[in-house]
There are 2 protein chains.
Amino acid sequence: MQKESAPICTNWTSQNKLWSNLAEVAEFLHVPMPQALQRENVLFQHMHFKAGQRIHTLGQNFDSLYLVNSGFIKTILFDEFGTEQVLSFPMKGDVLGMDSIHCAHHSSEAIALSDCDIILLPYKTIATLSHSYDQLGQAIFGLMSKELARQQTRLSIHGSASAEARVAKFLLSLSERFFLLGYSKSTFNLRMTRNDIGSYLGLTLETVSRTLSALNELGLISVSQRHICINDAEALRNLRKLPSNKLKAKISECFQSSTISAWGMAPALN
Amino acid sequence: MQKESAPICTNWTSQNKLWSNLAEVAEFLHVPMPQALQRENVLFQHMHFKAGQRIHTLGQNFDSLYLVNSGFIKTILFDEFGTEQVLSFPMKGDVLGMDSIHCAHHSSEAIALSDCDIILLPYKTIATLSHSYDQLGQAIFGLMSKELARQQTRLSIHGSASAEARVAKFLLSLSERFFLLGYSKSTFNLRMTRNDIGSYLGLTLETVSRTLSALNELGLISVSQRHICINDAEALRNLRKLPSNKLKAKISECFQSSTISAWGMAPALN
DNA sequence: CGTCTAGTTGAATCGCATCAACAAGCGTGG
DNA sequence: CCACGCTTGTTGATGCGATTCAACTAGACG
């Protein structure tokens with residue numbers, strides 16, 4: 001259970017500023033880099049944020065996209081009554097701010113959940129570069145499109161899935177993302193509070209807590225505070241809903257045994 | 001209550017095909033058209049769909065965006081268990097298919113809710129044009145960004161709002177969109193079923209039906225089948241939740257009068 | 001005429017939110 | 001050091017709101 005004090009950043013020096021050239025950014029975005037542009041001398045500024053700081057705030061002028069080089073972030077939206085809704089948990093390689101391109105001001109906020117190193121991609125620069133460097137423009141199209149598709153599947157989850165299924169899917173998606181970044185897919189630390197998770201999933205923090213406890217009791221995961229260990233990814237994937245409390249009560253009325261084995265993979269039960 | 005047999009299309013002939021030039025498409029997308037391109041002779045094909053037909057289907061090769069010239073559409077996503085989730089109700093001026101740019105196949109389906117005239121915007125053409133015609137590329141960025149922002153507010157509604165508030169917001173947004181297209185903002189026909197609305201809002205069709213009835217009884221709207229008349233948009237805007245049934249029951253126990261006036265604007269009640 | 005789909009309405013149930021009490025972790029300051 | 005407040009997380013009891021199941025009506029269509 002590593003202390004967070006040793007950051008994983010590669011090209012990190014103790015200064016607050018650092019610059020990346022176009023080739024580095026291109027690699028980050030998985031865009032092929034044509035020879036003709038190899039000597040383009042555009043530089044992109046890095047910015048450093050401490051945990052809790054805002055990368056951008058509601059209403060702030062929009063002039064730049066943000067590429068996450070290291071660290072963890074949450075983005076939030078405020079509804080008409082001022083309550084906040086968590087939209088995403090960006091991490092290394094993700095791009096923020098695309099939802100604000102269409103207007104002059106940011107419609108959401110982004111808050112660092114840990115110390116972060118962020119690369120600024122001024123929108124004007126990106127737009128200009130897209131001329132001569134069409135693969136970049138296409139890459140941005142691709143990024144936004146993927147983001148749209150992700151939001152759509154989130155919507156469908158919000159629409160229909162049970163609390164258990166939502167939490168399970170959330171854990172699996174984190175697991176997947178950590179894996180793609182080269183970390184363990186089965187054990188990791190949550191960077192956000194139960195409240196944040198609840199907001200993200202459309203649940204209350206109590207429900208999230210209870211659900212994690214339930215999955216823990218079933219042995220599908222092991223939870224202790226923010227440390228998560230996924231024991232049975234397949235079961236999580238197939239999970240629709242846990243047996244209802246009433247059902248549980250009835251069953252445990254019958255079998256007074258204290259160790260009741262694997263229920264929870266509900267396809268059979270539902 | 002007009003028959004639908006008289007379409008509103010302007011440049012419609014009885015043929016199934018028709019072509020638009022770049023200037024027309026640009027105007028549709030509200031993109032300024034530079035002189036240099038005035039004589040660009042790109043043509044965009046129209047396609048005609050009858051109500052119930054699919055504009056594109058799940059898994060179909062992606063090679064084109066779709067610009068709605070007339071008619072009403074729903075787009076749907078299938079979750080892992082095959083149940084469908086309504087994603088949007090595009091109408092005149094909206095662009096479909098942007099969620100599939102990032103991969104070779106459509107991840108969703110689009111179904112015509114009425115007869116439709118659709119302009120095909122081949123993605124390759126758009127991408128190529130974006131070179132020389134940078135405002136077009138920016139416009140696409142803008143469209144996708146706006147779509148992202150819209151999805152985000154939908155997510156936040158799904159997360160927190162009551163059934164009444166969701167239905168109210170839905171009606172208001174339709175009203176707004178009709179208004180922007182030059183139709184009445186207060187009276188219109190729904191083109192989709194209660195089931196579609198429910199799926200779109202994350203509710204069941206019964207709940208939608210009940211909610212519409214309730215709003216009707218309160219006089220905020222008038223409903224009769226698919227015909228909607230908005231009587232008090234302001235009240236709809238401010239609506240958080242209706243008084244609970246239990247509360248209602250209690251109140252009507254006390255006042256046995258049959259005409260109980262305007263409750264429903266719940267800010268005071270919540 | 002019967003059949004099918006769309007919509008309405010009622011009654012019962014369930015899942016999650018709400019309210020509340022409590023434990024654990026953590027920094028602060030006496 | 002412990003006392004203190006503060007945030008985060010856990011767990012229990014209760015109730016509301018939306019779902020579910022079901023019966024019924026109204027149109028559309030052949």
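Chain A is the first sequence line, chain B the second, and so forth, proteins listed ahead of strands; every chain is numbered from 1.
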Is there a side-chain hydrogen bond (donor to acceptor under 3.5 Å, both in side chains) between A:Ser222 and A:His227 once you walk through the steps?
CA-CA 8 Å; A:Ser222 307; A:His227 187 73; over 6 Å; no
Checking side chain to side chain contact (heavy atoms under 4.5 Å, CB included) against A:Arg194, which of A:Thr211, A:Leu205, A:Thr204 comes through?
A:Leu205
Within the pair A:Thr204 and C:dC16, is there a side-chain N or O less than 4.0 Å away from OP1 or OP2?
no
Integer-rounded Å distance: D:dT25 C1' and B:Glu206 CD:
15 Å
Taking the six-membered ring of A:Phe188 as reference, does the NZ or CZ atom of A:Arg177 fall below 6.0 Å from its centre and within a 45° cone about the axis?
no
So, does the side chain of B:Arg226 form a donor-acceptor pair with the base of C:dT5 at under 3.5 Å?
no
Rounded to whole Å, how long is the line connecting atom CG of A:Asn216 with atom C1' of D:dG9?
14 Å
For B:Asn189 and B:Phe178, the nearest pair of non-hydrogen atoms, with its separation, is O-CZ, 4.1 Å
Distance-only, no hydrogens or angles: does the B:Arg154 side chain make a donor-acceptor pair with backbone N or O of B:Tyr200 under 3.5 Å?
yes
Spacing between A:Asn189 atom CG and D:dG9 atom P, to the nearest angstrom:
12 Å
On the nucleotide D:dT10, are OP1 or OP2 found under 4.0 Å from the side-chain N or O atoms that A:Ser213 carries?
no
Are the side chain of A:Thr57 and the backbone of A:Glu109 linked by a donor-acceptor contact shorter than 3.5 Å?
no
Any side-chain N or O of B:Thr207 less than 4.0 Å from the OP1 or OP2 oxygen of D:dT19?
yes
Using heavy-atom distances to pick each residue's nearest nucleotide on DNA chain C, tell me which of B:Arg210 and B:Asn195 is more 5'.
B:Asn195
Estimate the overall bend of the helix from C:dC1-D:dG30 to C:dC26-D:dG5 from the end axes over five pairs each, rounded to 10 degrees.
30°
